[in-house]
Undergrad: 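What follows is a structure written as structure tokens; I'll ask about it next.
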2 protein chains.
Amino acid sequence: MERQSVPQTTIQRLPAYLRCLLQAQEQRMPVVNSVELAEMCGTNAAQVRKDLSYLGELGTRGIGYDVKALIAHISSVLGITERRRAAVIGYGRFGGALLGYSGFAERGFEIVAVVDADPAKVGTLVQTPSGEIAVSAIDDLERVMQEAGVEIAILATPASVTQGMADRLVAAGVRAILNLAPVRLVVPEGIAVRQVCLSTDLQVLSFHLAQNAQHGPQGADEQE
Amino acid sequence: MERQSVPQTTIQRLPAYLRCLLQAQEQRMPVVNSVELAEMCGTNAAQVRKDLSYLGELGTRGIGYDVKALIAHISSVLGITERRRAAVIGYGRFGGALLGYSGFAERGFEIVAVVDADPAKVGTLVQTPSGEIAVSAIDDLERVMQEAGVEIAILATPASVTQGMADRLVAAGVRAILNLAPVRLVVPEGIAVRQVCLSTDLQVLSFHLAQNAQHGPQGADEQE
DNA sequence: TTCTGTGAACTGATTCACAGCG
DNA sequence: CGCTGTGAATCAGTTCACAGAA
């Protein structure tokens, strides 16, 4: 019944708002206004009001935003009122680190499957914050995704095999992919992909170092 | 002697151009034109030409861009003609994964120090793609940063101590920080910070799943 | 009076379309 | 001719400034 045109940039800020609101809740603040919320997450009040206004009329004039209600609303917009089921593809250094990470569970995600190509690893039991799971074989990828009801795949495979994995995941019905390998994925329309590339981020940082070195230490801050 | 107004967005795309150019070089292509380069990195030709034009007149009309020369130029703009020295703060699951990752070395970075608070870990030898290094104690943070000549710090510490670490790093002269902990860092003007938050990315993906579920499987692709 | 919600103005980035170099 | 480099047009996102709800 409502709009669908929430700007891309606003969506990317919603998780930050959510984090700050949870923090406010811990501090027993029943209400926050746009100035406080902006302060907490490092934006400005106009931005906060504009962003939240895309989601509906969520505030009370003269008062501010009800913390509990706003948390519920943003969670709903982000689609994390129910826990989302994710899988880690590639049980290597990064894959292993992800499985042990408790931050996912705290933010609405559960790792329900791990897949690896190495026969030596298949069958291994892995301890995750939300339980113990066994490593599955790559050959069973499609079956495992379907049986575990995986909605999001986290690709932590070697670069060379990553596109192939993505193709199989899409064919198996996975519609959202977080790619940690340093390759650009090509996927059909309608599949959501997010690329995380630490080397890219380091290179951007390096650019700023190069800039500041050149003409006096006054310079660029933050990203975005 | 030249401009300093390369748009933020262009800078963030330079690493991708670099990656594609290295790939072109491997395929023995001496020259690429804007259409080919756009194809390779998933943009459009106008974008490529505009981006590269901010760096100078690097192409040859009627021909395209010399791959070798363009690699050299972009590397120079990104400040990675010399190897940049980075440190990993926090030798936990993620820190460990980073140290074993060979992608950094391939893209102009060298991990020259690891620091951890756990006395049991201090002194441990860690094998990295570019050699063996010993874990240093957090108490020695300032000295280690200075002696190793660290330019970029990668924060992989528990959220609760991350801001404190950032403060000490800045005080120790580090001017660029890649933060993997899910907290917003507050740093003085002139310090470059990049935030990587996997949970945030998952939440954005979840938003897209929620959207598509609502009104028919036609939908959002890619990030940015 | 206090603070939200929102048009209007502005800023920055992308795309278009073409002049002009090799 | 083919392709770059670039002004001009467009589009998206941010900031301003204020009307009006509580």
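Naming: A, B, ... by sequence-line order, numbering from 1 per chain. Predicted model only: the values in this text are computed from it and were never measured.
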Undergrad: Take A:I154 and A:L180 through the test side-chain contact (heavy atoms from CB on, under 4.5 Å) and record every step on the way to the result.
TA: CA-CA 7 Å; A:I154 305 177; A:L180 302 188; 4.3 Å; yes
Undergrad: Are the side chains of B:S130 and B:I111 in contact, using a 4.5 Å heavy-atom criterion?
TA: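 Contact flag for B:I111/B:S130 side chains = no.
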Undergrad: What string of B, S and - do you get for nucleotides 13-22 of chain C, 5' to 3', when a contact is any protein heavy atom under 4.0 Å?
TA: SSBBB--BBS
Undergrad: Cut-off 3.5 Å, no hydrogens considered: what does the side-chain donor-acceptor table look like for residues 78-99 of chain A, sequence neighbours left out?
TA:
residue: A:R83; atom: NH1; partner: A:A105; partner atom: O; Å: 3.4
residue: A:R83; atom: NH2; partner: A:A105; partner atom: O; Å: 2.8
residue: A:R84; atom: NE; partner: A:G79; partner atom: O; Å: 2.9
residue: A:R84; atom: NE; partner: B:S206; partner atom: OG; Å: 2.9
residue: A:R84; atom: NH1; partner: A:E151; partner atom: OE2; Å: 2.8
residue: A:R84; atom: NH2; partner: A:G79; partner atom: O; Å: 3.3
residue: A:R85; atom: NE; partner: A:A148; partner atom: O; Å: 2.7
residue: A:R85; atom: NH2; partner: A:A148; partner atom: O; Å: 2.8
residue: A:R93; atom: NH2; partner: B:G100; partner atom: O; Å: 3.1

Undergrad: Using a cut-off of less than 4.0 Å, is there contact between a side-chain N or O of B:S34 and OP1 or OP2 of D:dC3?
TA: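 No, outside the criterion.
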Undergrad: Rounded to the nearest angstrom, tell me the gap between atom CG in A:D66 and atom P in C:dT4.
TA: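 Atom CG in A:D66 sits about 13 Å away from atom P in C:dT4.
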Undergrad: Between C1' on C:dT4 and CD on A:E36, what's the gap in Å once rounded to a whole number?
TA: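 That distance rounds to 14 Å.
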Undergrad: Return the value, rounded to whole Å, for the distance between atom OH of A:Y65 and atom P of C:dC3.
TA: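 Value for this atom pair: 12 Å.
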Undergrad: For B:L58, answer base if it contacts any base atom (sugar-phosphate contacts may also be present), sugar-phosphate if it contacts only those atoms, and nothing otherwise; contact means non-hydrogen atoms under 4.0 Å.
TA: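 Sugar-phosphate, backbone atoms only, no base.
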Undergrad: Might you work through the side-chain contact (heavy atoms from CB on, under 4.5 Å) test for A:L185 and A:I191, ending with a clear yes or no?
TA: CA-CA 11 Å; A:L185 288 188; A:I191 306 298; over 6 Å; no
Undergrad: Between atom CG in A:N33 and atom P in C:dG5, what is the gap in whole Å?
TA: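 Rounding to the nearest Å, CG of A:N33 and P of C:dG5 are 12 Å apart.
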Undergrad: When the distance from CD1 of A:I11 to P of D:dA12 is rounded to whole Å, what number comes out?
TA: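 After rounding, the reported distance stands at 14 Å.
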Undergrad: Measuring only between side-chain heavy atoms, which start at C-beta, is A:L70 closer than 4.5 Å to A:L55?
TA: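 Not touching, per the 4.5 Å side-chain cut-off.
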Undergrad: Please tell me if the side chains of A:Q203 and B:R107 come closer than 4.5 Å, counting only heavy atoms from C-beta onward.
TA: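 When only atoms from C-beta onward are counted, B:R107 and A:Q203 do touch, with a gap below 4.5 Å.
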